[in-house]
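Here's the structure we're looking at; comments come further down.
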Amino acid sequence: MRTNMPTSLFRKSLLGLTVAAAMSAAHAQTAEVEVLHWWTSGGEARAANVLKELMEAEGYGWEDFAVAGGGGETAMTVLKSRAMSGNPPSAAQIKGPEIQEWGELGLLGSLEEVAMAEGWDDLLPAVVSDVMKHDGEYVAVPVNVHRVNWLWANPEVLDEAGVEMPTTLDELFAAGEAIREAGYIPLAHGGQAWQDATVFESVLLATGGTEFYQQALVELDEEALGSEQMVEALETFKRLRELMDEDMSGRDWNIATSMVINGDAGMQLMGDWAKGEFTAAGLTAGEDYLCAAAPGTQEAFTFNIDSLAMFRVEGEEQEAQHALARLVLEPTFQETFNLAKGSIPARPDLDMSEFDQCAQQSLEDFQRTAEAGGLVPSMAHGMAVRADVQGAIFDVVTNYFNSRDMAAEEAARRMVNAAQAAL
Ligand code: BGC
């Protein structure tokens with residue numbers, strides 16, 4: 001699904017490195033890494049390619065194990081069957097609490113040697129490094145920090161409708177109405193469970209605030225899950241359907257983003273991997289497209305950290321795997337990958353001058369909310385709860401969203417059951 005966007009600039013930045021490494025590649029190792037991920041949209045594939053090129057520049061082989069499907073559910077299913085047959089890849093994009101689950105199975109290898117040599121503990125904020133460790137040892141390496149609670153918009157469509165970027169949910173509904181009257185789809189969306197959950201958690205954050213978000217979607221507090229606040233979040237979420245189009249069922253997230261890019265739709269609520277699509281289309285933030293915190297969530301930052309967990313492998317494959325882990329946290333990769341991916345670097349010490357205004361805002365908001373207590377893990381993106389709980393919550397959210405007659409009270413009751421069933 002790669003786009004035909006000009007990649008010359010992008011390639012040039014890697015060229016120097018490729019040439020420099022050509023000499024060392026003379027003693028080339030043929031050792032390979034096989035890397036499972038789900039980065040298959042235009043922007044995602046450009047980003048993944050950065051890592052492939054860096055590995056190849058060091059003389060290692062790259063076997064791409066890409067499994068399409070936003071949010072990674074299909075990729076995780078495929079990974080499980082590979083791991084069960086005793087043949088896991090060298091590395092896989094595994095995130096959040098799931099890293100612990102794989103660690104408990106004894107399938108992950110230690111990266112302590114690389115982490116010590118590279119000083120990862122000093123490089124990474126504790127909120128990031130804690131997630132990467134199992135039993136006190138690094139078993140995964142973070143590639144970025146995505147923010148999930150974003151709103152994206154096409155400024156020409158907003159202009160046509162005579163509205164500004166909405167900052168509250170009321171403004172969002174009002175802007176949506178005006179956009180529809182101007183002849184456009186107000187909110188581009190793809191009807192897939194993970195996308196529904198992505199929008200839902202931003203609405204819940206806006207209506208309930210970060211403390212409620214934390215209680216309900218992170219701590220799975222039963223009272224919070226079944227509360228009036230939950231009912232309100234669900235009802236507001238469902239009202240958003242009015243701003244979406246009838247053909248949304250099953251649509252991929254990047255197709256929804258392209259509707260904003262093409263000017264068919266005005267806005268999209270989506271994490272900043274959507275920015276990778278705008279970037280791949282050659283568009284400039286603040287001019288050709290707009291970004292802002294999801295309405296009503298300015299004081300919050302829902303984080304989603306992509307990371308590569310390393311499986312227990314030996315010999316040459318382990319050598320290549322350790323090279324991969326080292327490269328991922330080096331400045332070249334962190335900068336080039338994240339420019340393409342839409343996220344910000346996982347290490348906070350890098351020069352951000354090449355990054356656009358959305359990324360600059362993301363970094364500022366990350367730091368500000370970390371201090372003020374508004375930094376929360378994304379439930380929809382596997383950072384908050386275990387995969388089985390997440391799956392159960394997805395079912396409730398998506399069934400409610402698509403049901404003609406399920407009351408929000410009933411959905412809230414099911415939320416409580418979802419959390420209990422998974423205990
Ligand atoms: C991942 C992103 C990815 C997005 C869409 C998220 O869960 O963290 O890296 O771009 O899903 O597939």
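Atoms considered below: every heavy atom in the structure, side chains included; atoms not considered: hydrogens, waters and symmetry mates. Order of listing sets the numbers, starting from 1, for every ligand and every atom in it.
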### With sequence neighbours excluded, residues passing side chain to side chain contact (heavy atoms under 4.5 Å, CB included) with T236
L169, F173, V203, T207, E232
Just list the N/O pairs, ligand 1 to protein, that are under 3.5 Å apart, with the distance for each.
| unit_1 | atom_1 | unit_2 | atom_2 | d |
| --- | --- | --- | --- | --- |
| ligand 1 | 7 (O) | K95 | NZ | 2.9 |
| ligand 1 | 7 (O) | H381 | ND1 | 2.8 |
| ligand 1 | 8 (O) | K95 | NZ | 2.9 |
| ligand 1 | 8 (O) | N304 | ND2 | 2.9 |
| ligand 1 | 8 (O) | D306 | OD1 | 2.6 |
| ligand 1 | 9 (O) | W39 | NE1 | 2.9 |
| ligand 1 | 9 (O) | D306 | OD1 | 3.2 |
| ligand 1 | 9 (O) | D306 | OD2 | 2.7 |
| ligand 1 | 9 (O) | K341 | NZ | 2.8 |
| ligand 1 | 10 (O) | E44 | OE2 | 2.5 |
| ligand 1 | 10 (O) | K341 | NZ | 2.7 |
| ligand 1 | 11 (O) | W38 | NE1 | 3.4 |
| ligand 1 | 11 (O) | G71 | N | 3.4 |
| ligand 1 | 12 (O) | W38 | NE1 | 3.3 |
| ligand 1 | 12 (O) | E44 | OE2 | 3.0 |
| ligand 1 | 12 (O) | G71 | N | 3.2 |

### Task
Mind checking side chain to side chain contact (heavy atoms under 4.5 Å, CB included) for D196 and listing every partner two or more places apart, or none if nothing turns up?
H189, F237, V397, T398, F401, N402
## Note on the structure
Residues passing the ring-ring contact (aromatic ring centres under 6.0 Å, His included) test with F303, sequence neighbours excluded, are none
### Query
What do you reckon, are the aromatic ring centroids of W102 and H134 less than 6.0 Å apart?
no
### Query
Is it true that F337 and W39 have ring centroids separated by less than 6.0 Å?
yes
### Message
Do S353 and D351 pair up side chain to side chain, a donor and an acceptor below 3.5 Å, judged on atom types alone?
### Response
yes
